[in-house]
Amino acid sequence: FALSGTVRTQLAGTPVPNAVVELTSPTYSFLAQADANGDWTLPAVYADDYAYTAGAWGWVTGCGIINDLGVGSGPVELLLQQGYADDMALDLGWTVSGDATVGTWERGVPVGTTINNAQSNAGADVSGDCGDQAYVTGNGGGNAGDDDVDGGSTILTSPVFDATGVLQPHVRYKRWFFNGGGSGSPNDAMTIALSNGTQTVTVETITSATPGMSSWQQGDVAIASFLAPTAT
(Lines give C-alpha, C1' and ligand atoms only; values in the text may rest on other atoms or scores of the structure.)
Protein backbone atom coordinates (compact mmCIF):
# COMPACT_ATOMS: atom_id res chain seq x y z
CA PHE A 1 0.00 0.00 0.00
CA ALA A 2 1.05 3.63 -0.46
CA LEU A 3 1.83 5.64 2.65
CA SER A 4 2.08 9.40 2.95
CA GLY A 5 2.82 11.77 5.77
CA THR A 6 4.15 15.13 6.85
CA VAL A 7 6.90 16.40 9.15
CA ARG A 8 6.10 19.53 11.11
CA THR A 9 7.59 21.65 13.87
CA GLN A 10 6.17 21.13 17.35
CA LEU A 11 3.96 23.96 18.64
CA ALA A 12 4.43 26.17 15.56
CA GLY A 13 3.11 23.54 13.15
CA THR A 14 5.31 24.84 10.34
CA PRO A 15 6.73 22.40 7.77
CA VAL A 16 10.16 20.84 8.19
CA PRO A 17 11.47 21.13 4.62
CA ASN A 18 13.51 18.28 3.16
CA ALA A 19 13.21 16.16 6.31
CA VAL A 20 14.47 12.58 6.11
CA VAL A 21 12.05 9.85 7.27
CA GLU A 22 13.12 6.26 7.88
CA LEU A 23 10.77 3.37 8.69
CA THR A 24 12.21 0.03 9.80
CA SER A 25 10.87 -3.28 11.02
CA PRO A 26 12.65 -6.62 11.52
CA THR A 27 11.77 -7.42 7.89
CA TYR A 28 11.46 -4.13 5.98
CA SER A 29 13.20 -0.78 5.68
CA PHE A 30 12.03 2.35 3.84
CA LEU A 31 13.56 5.78 3.40
CA ALA A 32 11.76 8.93 2.22
CA GLN A 33 12.68 12.59 1.88
CA ALA A 34 10.09 15.29 2.41
CA ASP A 35 9.60 18.14 0.00
CA ALA A 36 9.73 21.86 0.81
CA ASN A 37 6.34 21.58 2.51
CA GLY A 38 7.40 18.70 4.76
CA ASP A 39 5.28 16.20 2.79
CA TRP A 40 6.59 12.73 1.95
CA THR A 41 5.27 9.60 0.20
CA LEU A 42 6.31 5.96 0.07
CA PRO A 43 4.62 4.27 -2.91
CA ALA A 44 4.82 0.66 -1.68
CA VAL A 45 4.95 -0.25 2.01
CA TYR A 46 4.21 -3.64 3.61
CA ALA A 47 1.98 -3.97 6.65
CA ASP A 48 3.95 -4.25 9.88
CA ASP A 49 4.89 -2.48 13.11
CA TYR A 50 7.58 0.11 12.33
CA ALA A 51 10.18 2.11 14.19
CA TYR A 52 10.42 5.58 12.71
CA THR A 53 13.22 8.13 12.68
CA ALA A 54 12.71 11.62 11.29
CA GLY A 55 15.10 14.53 11.18
CA ALA A 56 16.60 17.55 9.43
CA TRP A 57 19.46 19.90 10.26
CA GLY A 58 17.98 22.60 12.50
CA TRP A 59 15.56 20.23 14.24
CA VAL A 60 15.97 17.61 16.96
CA THR A 61 15.75 14.11 15.48
CA GLY A 62 12.58 12.31 16.51
CA CYS A 63 12.08 8.56 16.85
CA GLY A 64 9.45 6.16 18.10
CA ILE A 65 7.11 3.31 17.16
CA ILE A 66 4.14 3.24 14.78
CA ASN A 67 2.07 0.11 15.35
CA ASP A 68 -0.18 -1.65 12.85
CA LEU A 69 0.67 0.26 9.69
CA GLY A 70 -1.40 -1.27 6.93
CA VAL A 71 -3.89 -0.74 4.13
CA GLY A 72 -6.08 2.21 5.05
CA SER A 73 -3.55 3.83 7.38
CA GLY A 74 -4.06 7.57 7.14
CA PRO A 75 -1.34 10.17 6.63
CA VAL A 76 1.36 9.98 9.31
CA GLU A 77 2.19 13.26 11.08
CA LEU A 78 5.61 13.46 12.70
CA LEU A 79 6.48 16.40 14.96
CA LEU A 80 10.02 17.66 15.60
CA GLN A 81 11.35 20.14 18.12
CA GLN A 82 13.26 23.04 16.58
CA GLY A 83 16.95 23.24 17.50
CA TYR A 84 20.32 21.99 16.30
CA ALA A 85 20.85 18.40 17.40
CA ASP A 86 22.18 15.31 15.65
CA ASP A 87 22.57 11.86 17.18
CA MET A 88 23.80 10.44 13.84
CA ALA A 89 20.72 8.26 13.38
CA LEU A 90 20.30 9.84 9.92
CA ASP A 91 22.70 11.39 7.42
CA LEU A 92 22.16 15.12 7.98
CA GLY A 93 25.11 16.36 5.95
CA TRP A 94 28.34 16.12 7.97
CA THR A 95 31.44 16.11 5.75
CA VAL A 96 34.70 14.16 6.01
CA SER A 97 38.08 15.50 4.91
CA GLY A 98 41.76 15.03 5.75
CA ASP A 99 44.67 12.96 4.48
CA ALA A 100 44.62 9.84 6.68
CA THR A 101 45.28 6.67 4.69
CA VAL A 102 43.15 4.46 6.98
CA GLY A 103 40.73 4.99 9.85
CA THR A 104 38.77 7.87 8.31
CA TRP A 105 35.47 8.98 9.83
CA GLU A 106 32.38 6.98 8.84
CA ARG A 107 28.83 6.76 10.12
CA GLY A 108 27.63 3.35 11.24
CA VAL A 109 26.85 1.02 14.11
CA PRO A 110 30.11 0.98 16.14
CA VAL A 111 32.10 -2.25 15.92
CA GLY A 112 34.23 -2.46 19.05
CA THR A 113 37.95 -3.10 19.18
CA THR A 114 40.14 -4.49 21.95
CA ILE A 115 43.75 -4.49 23.10
CA ASN A 116 45.02 -7.24 25.39
CA ASN A 117 41.37 -8.36 25.78
CA ALA A 118 40.36 -4.93 27.12
CA GLN A 119 37.91 -2.59 25.39
CA SER A 120 39.60 0.15 23.36
CA ASN A 121 36.96 1.49 20.94
CA ALA A 122 33.23 1.60 21.52
CA GLY A 123 31.17 -1.47 20.67
CA ALA A 124 27.87 0.43 20.81
CA ASP A 125 26.41 3.88 20.28
CA VAL A 126 26.00 6.18 23.28
CA SER A 127 22.82 5.29 25.16
CA GLY A 128 19.73 7.47 25.25
CA ASP A 129 19.60 8.80 21.70
CA CYS A 130 17.78 7.80 18.53
CA GLY A 131 19.14 4.83 16.63
CA ASP A 132 22.35 2.88 17.13
CA GLN A 133 24.77 4.76 14.86
CA ALA A 134 27.68 7.09 15.54
CA TYR A 135 30.58 8.57 13.62
CA VAL A 136 33.63 6.32 14.09
CA THR A 137 37.22 6.61 12.83
CA GLY A 138 37.44 3.30 11.00
CA ASN A 139 34.88 0.67 11.90
CA GLY A 140 36.38 -2.68 11.02
CA GLY A 141 36.48 -4.12 14.54
CA GLY A 142 39.11 -6.57 15.74
CA ASN A 143 42.27 -5.38 17.45
CA ALA A 144 42.87 -1.72 18.31
CA GLY A 145 45.43 -1.29 15.53
CA ASP A 146 43.49 -2.97 12.73
CA ASP A 147 41.58 0.09 11.48
CA ASP A 148 42.91 2.99 13.56
CA VAL A 149 43.82 6.41 12.18
CA ASP A 150 47.16 6.25 10.36
CA GLY A 151 49.03 8.21 7.72
CA GLY A 152 47.57 11.62 8.56
CA SER A 153 44.48 13.20 10.05
CA THR A 154 40.76 12.72 9.48
CA ILE A 155 38.36 15.63 10.01
CA LEU A 156 34.61 15.53 10.60
CA THR A 157 32.76 18.82 10.07
CA SER A 158 29.15 19.61 10.95
CA PRO A 159 26.79 21.60 8.74
CA VAL A 160 26.67 25.33 9.52
CA PHE A 161 24.44 26.45 12.41
CA ASP A 162 23.22 29.86 13.55
CA ALA A 163 24.39 30.65 17.10
CA THR A 164 22.80 34.09 17.23
CA GLY A 165 19.47 34.86 18.86
CA VAL A 166 20.30 32.63 21.84
CA LEU A 167 21.24 34.17 25.17
CA GLN A 168 23.98 31.69 26.03
CA PRO A 169 24.66 29.34 23.09
CA HIS A 170 26.48 26.13 23.95
CA VAL A 171 27.73 23.17 21.96
CA ARG A 172 27.32 19.82 23.73
CA TYR A 173 28.68 16.51 22.48
CA LYS A 174 29.61 12.97 23.50
CA ARG A 175 33.07 11.70 22.49
CA TRP A 176 35.12 8.51 22.80
CA PHE A 177 38.91 8.38 22.46
CA PHE A 178 41.58 5.69 22.73
CA ASN A 179 45.31 5.77 21.98
CA GLY A 180 47.62 2.97 23.07
CA GLY A 181 49.70 0.01 21.98
CA GLY A 182 51.89 0.07 18.91
CA SER A 183 55.56 1.08 19.07
CA GLY A 184 56.89 4.06 21.01
CA SER A 185 54.81 6.40 23.16
CA PRO A 186 51.15 7.00 22.17
CA ASN A 187 51.07 10.40 20.47
CA ASP A 188 47.70 10.66 18.67
CA ALA A 189 45.09 13.22 19.70
CA MET A 190 41.45 14.14 19.14
CA THR A 191 40.90 17.86 18.65
CA ILE A 192 37.50 19.54 19.00
CA ALA A 193 37.42 22.90 17.20
CA LEU A 194 34.81 25.60 16.67
CA SER A 195 34.58 28.00 13.72
CA ASN A 196 32.37 31.06 13.29
CA GLY A 197 33.15 31.53 9.61
CA THR A 198 36.19 33.76 10.10
CA GLN A 199 37.99 32.28 13.12
CA THR A 200 38.69 28.70 14.15
CA VAL A 201 39.66 27.89 17.73
CA THR A 202 40.45 24.65 19.54
CA VAL A 203 38.09 24.05 22.46
CA GLU A 204 39.37 20.64 23.61
CA THR A 205 42.37 18.41 22.89
CA ILE A 206 42.16 14.82 24.08
CA THR A 207 45.27 12.63 24.39
CA SER A 208 46.22 9.37 26.08
CA ALA A 209 46.85 11.43 29.25
CA THR A 210 43.26 12.76 29.34
CA PRO A 211 41.06 11.03 31.96
CA GLY A 212 38.19 8.89 30.74
CA MET A 213 39.93 7.10 27.87
CA SER A 214 37.88 4.27 26.29
CA SER A 215 34.55 5.61 27.55
CA TRP A 216 31.85 8.04 26.44
CA GLN A 217 32.61 11.50 27.82
CA GLN A 218 30.41 14.62 27.83
CA GLY A 219 31.70 17.87 26.36
CA ASP A 220 30.02 21.25 26.95
CA VAL A 221 31.35 24.41 25.32
CA ALA A 222 30.06 27.95 25.89
CA ILE A 223 30.62 29.43 22.44
CA ALA A 224 31.16 33.00 23.66
CA SER A 225 34.04 31.83 25.87
CA PHE A 226 36.02 31.11 22.72
CA LEU A 227 34.72 33.36 19.92
CA ALA A 228 31.85 35.62 18.98
CA PRO A 229 28.67 33.68 18.14
CA THR A 230 27.63 34.27 14.53
CA ALA A 231 25.10 32.88 12.05
CA THR A 232 27.88 30.70 10.60
Side-chain angles (χ1 to χ4, degrees), residues 57 84-116 118-126 129 131-163 169-230 232:
W57 188 249
Y84 296 99
D86 192 354
D87 46 28
M88 317 307 180
L90 300 167
D91 182 359
L92 298 186
W94 294 62
T95 57
V96 176
S97 58
D99 58 358
T101 54
V102 294
T104 55
W105 286 106
E106 59 181 271
R107 190 178 67 90
V109 178
V111 180
T113 59
T114 59
I115 185 169
N116 298 325
Q119 189 79 30
S120 51
N121 285 336
D125 186 22
V126 65
D129 67 2
D132 55 3
Q133 300 193 74
Y135 270 98
V136 186
T137 53
N139 203 25
N143 295 317
D146 288 345
D147 198 16
D148 63 327
V149 181
D150 278 324
S153 64
T154 182
I155 303 164
L156 180 67
T157 305
S158 79
V160 171
F161 58 91
D162 186 350
H170 282 235
V171 174
R172 298 183 177 93
Y173 53 89
K174 294 286 183 67
R175 58 157 177 83
W176 179 297
F177 178 79
F178 172 81
N179 187 205
S183 59
S185 300
N187 61 357
D188 287 349
M190 172 186 275
T191 300
I192 312 293
L194 191 62
S195 171
N196 66 358
T198 56
Q199 299 171 269
T200 299
V201 297
T202 297
V203 300
E204 186 179 16
T205 299
I206 305 100
T207 70
S208 59
T210 304
M213 191 163 68
S214 290
S215 63
W216 287 109
Q217 297 292 313
Q218 175 76 54
D220 190 339
V221 175
I223 295 175
S225 296
F226 294 90
L227 41 66
T230 71
T232 54

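Residue numbers start at 1 and run along the sequence shown. Every value quoted in this text rests on a predicted model; they were computed, and no experiment measured them.
- Closest approach of W105 and Y135 over heavy atoms only: CZ3-O, 3.3 Å.
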Discussion item. For Y84 and V171: C-alpha separation, side-chain torsions, deciding distance, then whether side-chain contact (heavy atoms from CB on, under 4.5 Å) applies.
Written reply: CA-CA 9 Å; Y84 296 99; V171 174; over 6 Å; no
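- At a threshold of 4.5 Å between non-hydrogen side-chain atoms, the residues D150 and D148 count as touching.
- For Y173, the ring pair (Phe, Tyr, Trp, His ring centres under 6.0 Å) criterion is met by no residue, not counting sequence neighbours.
- The only member of N139, V149, D99, T154 that meets side-chain contact (heavy atoms from CB on, under 4.5 Å) when paired with T104 is T154.
- Side-chain N or O atoms of Q119 include one that pairs as donor or acceptor with a backbone N or O of N121 at under 3.5 Å.
- Shown here for V201 and F226, the closest heavy-atom pair between the two residues is CG2-CB, 3.7 Å.
- Residues forming a salt bridge (Lys or Arg N to Asp or Glu O under 4.0 Å) with D220 (at least two apart in sequence, or on another chain): R172.
- The OG1 atom of T113 sits 8.0 Å away from the CG atom of N143 when rounded to the nearest 0.5 Å.
- Between L156 atom CG and T95 atom OG1 the span is 7.0 Å, to the nearest 0.5 Å.
- Taking OG1 from T232 and CG from N196, the interatomic distance works out to 6.0 Å, rounded to the nearest 0.5 Å.
- Taking the side chain as every heavy atom from C-beta outward, I223 and L194 approach each other to under 4.5 Å.
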Please tabulate, for the side chains in residues 176-184, all donor-acceptor contacts under 3.5 angstrom to protein atoms that are two or more places apart in sequence or on a different chain.
{"residue": "W176", "atom": "NE1", "partner": "S120", "partner atom": "O", "Å": "2.9"}
{"residue": "N179", "atom": "OD1", "partner": "N187", "partner atom": "N", "Å": "3.2"}
{"residue": "N179", "atom": "OD1", "partner": "D188", "partner atom": "N", "Å": "2.8"}

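- Annotation for D162 and T230: closest pair OD1-O, 3.7 Å, computed over non-hydrogen atoms.
- Contact of the V221 side chain with the E204 side chain is not registered, since no non-hydrogen atoms from C-beta on lie closer than 4.5 Å.
- The distance from atom OG1 of T137 to atom CE of M190, rounded to the nearest 0.5 Å, is 6.5 Å.
- Taking CD from Q133 and CZ from R107, the interatomic distance works out to 4.0 Å, rounded to the nearest 0.5 Å.
- Proximity of Q218 to K174: side-chain heavy atoms (C-beta onward) are separated by under 4.5 Å at one or more points.
- Under the 30°/60° scheme for interplanar angles, the aromatic rings of W57 and W94 are found to stand perpendicular.
- Of the possible polar contacts, one joining the S195 side chain to the Q199 backbone as a donor-acceptor pair under 3.5 Å is found.
- To the nearest 0.5 angstrom, R175 atom CZ is 4.0 Å from I206 atom CD1.
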